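To start, the structure itself, in structure tokens.
These numbers were taken from a predicted model, which means no experiment stands behind them. In what follows, chains carry the letters A, B, and so on, assigned in the order in which the sequence lines appear, proteins first and then strands, with residues in each chain numbered from 1.
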2 protein chains.
Amino acid sequence: MGDVFKALADPTRRTILDELQERDGQTLFELCSRLVMRHGVGSTRQAVSQHLDVLEDAGLVSRRREGRYTFLHLDTAPLRAITERWPTTDPPEGPP
Amino acid sequence: MGDVFKALADPTRRTILDELQERDGQTLFELCSRLVMRHGVGSTRQAVSQHLDVLEDAGLVSRRREGRYTFLHLDTAPLRAITERWPTTDPPEGPP
DNA sequence: AGCATGGGCAAGTGCTCACTTGCCTGTCAA
DNA sequence: TTGACAGGCAAGTGAGCACTTGCCCATGCT
């Protein structure tokens, strides 16, 4: 359970989640390219892969192998446990 | 914004939030005592205080000075930004 | 005034973590 | 079959973080 929080603690990993949410099912190379192009993240392929390991352990990302490619999929389900653990008093309805 | 995630990454800090949610407005000594008694957290006073610094920077805890005492208050508002950033597809209605 | 209590401030230490470097495996095209 | 491509598997390194130790300041009671 604490893996989810540790996974979200790194800004690069949060950017990966952002990118996968915008375009799900990317391959590792495509993800690396888009991280450089659109988010200015200059990490190497191995660094991104290690981030994906952490995200996979947290249950936030799943790898789907298909032939030569490995497609990455986002799963935001573990995030629900956060707001369920410390429920907010006032609802998300925005004030005036 | 990333401060919230870094604050939640540590298990001791999450326990502090749990304890403050159960009993809001504690003082530092009371919090330390209850962390030892009820959660088995054996950190020193300074360690807990440094955790409170992190939680305060993240906006999750506020310190209210009153005479010789400093009361600690929980604020779960920053947690809402998490589920708003990566909205879940299926609602929290649990399956069978 | 004088001392105990509640708490802050700062330096030092060990461990974790993000990132790099290098090499190795499996898949497709020519 | 051989080469290029997509990706994994380590080991090593530097920075950040959690925690401790020691000292200092303010408040309140006697």
Answer yes or no: is there a donor N or O on one side and an acceptor on the other, between the side chain of Arg34(A) and the main chain of His39(A), under 3.5 Å? no
Report yes if a side-chain nitrogen or oxygen of [X] is closer than 4.0 Å to either non-bridging phosphate oxygen (OP1 or OP2) of [N]; otherwise report no.
{"X": "Arg13(B)", "N": "dA18(D)", "result": "yes"}
{"X": "Thr44(B)", "N": "dT20(D)", "result": "yes"}
{"X": "Ser49(A)", "N": "dG7(D)", "result": "no"}
{"X": "His51(A)", "N": "dC19(C)", "result": "yes"}
{"X": "Thr27(A)", "N": "dG7(D)", "result": "yes"}

Rounded distance (Å) that lies between atom [atom2] of [N] and atom [atom1] of [X]:
{"X": "Leu55(B)", "N": "dC17(D)", "atom1": "CG", "atom2": "P", "answer": "14 Å"}
{"X": "Phe5(B)", "N": "dC17(C)", "atom1": "CZ", "atom2": "P", "answer": "18 Å"}
{"X": "Phe71(A)", "N": "dG8(D)", "atom1": "CZ", "atom2": "P", "answer": "13 Å"}
{"X": "Tyr69(B)", "N": "dG8(C)", "atom1": "OH", "atom2": "C1'", "answer": "17 Å"}
{"X": "Glu66(B)", "N": "dT5(C)", "atom1": "CD", "atom2": "C1'", "answer": "17 Å"}
{"X": "Gln50(B)", "N": "dT13(C)", "atom1": "CD", "atom2": "P", "answer": "16 Å"}
{"X": "Asp53(B)", "N": "dA18(D)", "atom1": "CG", "atom2": "P", "answer": "11 Å"}
{"X": "Asp57(B)", "N": "dA18(D)", "atom1": "CG", "atom2": "P", "answer": "12 Å"}

Closest nucleotide among [options] to the [X] side chain:
{"X": "Gln46(A)", "options": "dC9(D), dG22(D), dG6(C)", "value": "dC9(D)"}
{"X": "Leu28(B)", "options": "dG8(C), dT20(D), dC17(C)", "value": "dG8(C)"}
{"X": "Arg68(A)", "options": "dG8(D), dA18(D), dC28(C)", "value": "dC28(C)"}
{"X": "Phe29(B)", "options": "dG6(C), dG7(D), dA18(C)", "value": "dG6(C)"}

Base of dG8(D) paired with side chain of Arg45(A) (donor-acceptor, under 3.5 Å):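 Answer yes: a donor N or O sits under 3.5 Å from an acceptor.
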State plainly whether one hydrophobic cluster holds both Leu28(A) and Val61(A), where clusters connect Ile, Leu, Val, Met, Phe, Trp and Tyr through side-chain heavy atoms under 4.5 angstrom apart. yes
State plainly whether the residues Arg38(A) and Asp18(A) are in salt-bridge range, i.e. N to O under 4.0 Å.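 Looking at Asp18(A) together with Arg38(A), the answer is no, because their closest N to O distance does not fall below 4.0 Å.
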CA sep, side-chain torsions, deciding dist, call: Leu8(A), Trp86(B), side-chain contact (heavy atoms from CB on, under 4.5 Å): CA-CA 12 Å; Leu8(A) 292 172; Trp86(B) 301 286; 3.8 Å; yes
What is the nucleic acid contact for Arg63(A), judged by heavy atoms within less than 4.0 Å: base, sugar-phosphate only, or nothing? sugar-phosphate
For Glu30(B) and for Val54(A), locate the closest nucleotide of DNA chain C by heavy-atom distance; then report the residue assigned to the nucleotide nearer the 5' terminus. Glu30(B)
Is there a side-chain contact between Phe5(A) and Ile82(A) in this structure, where contact means two heavy atoms from C-beta onward sitting under 4.5 Å apart? yes
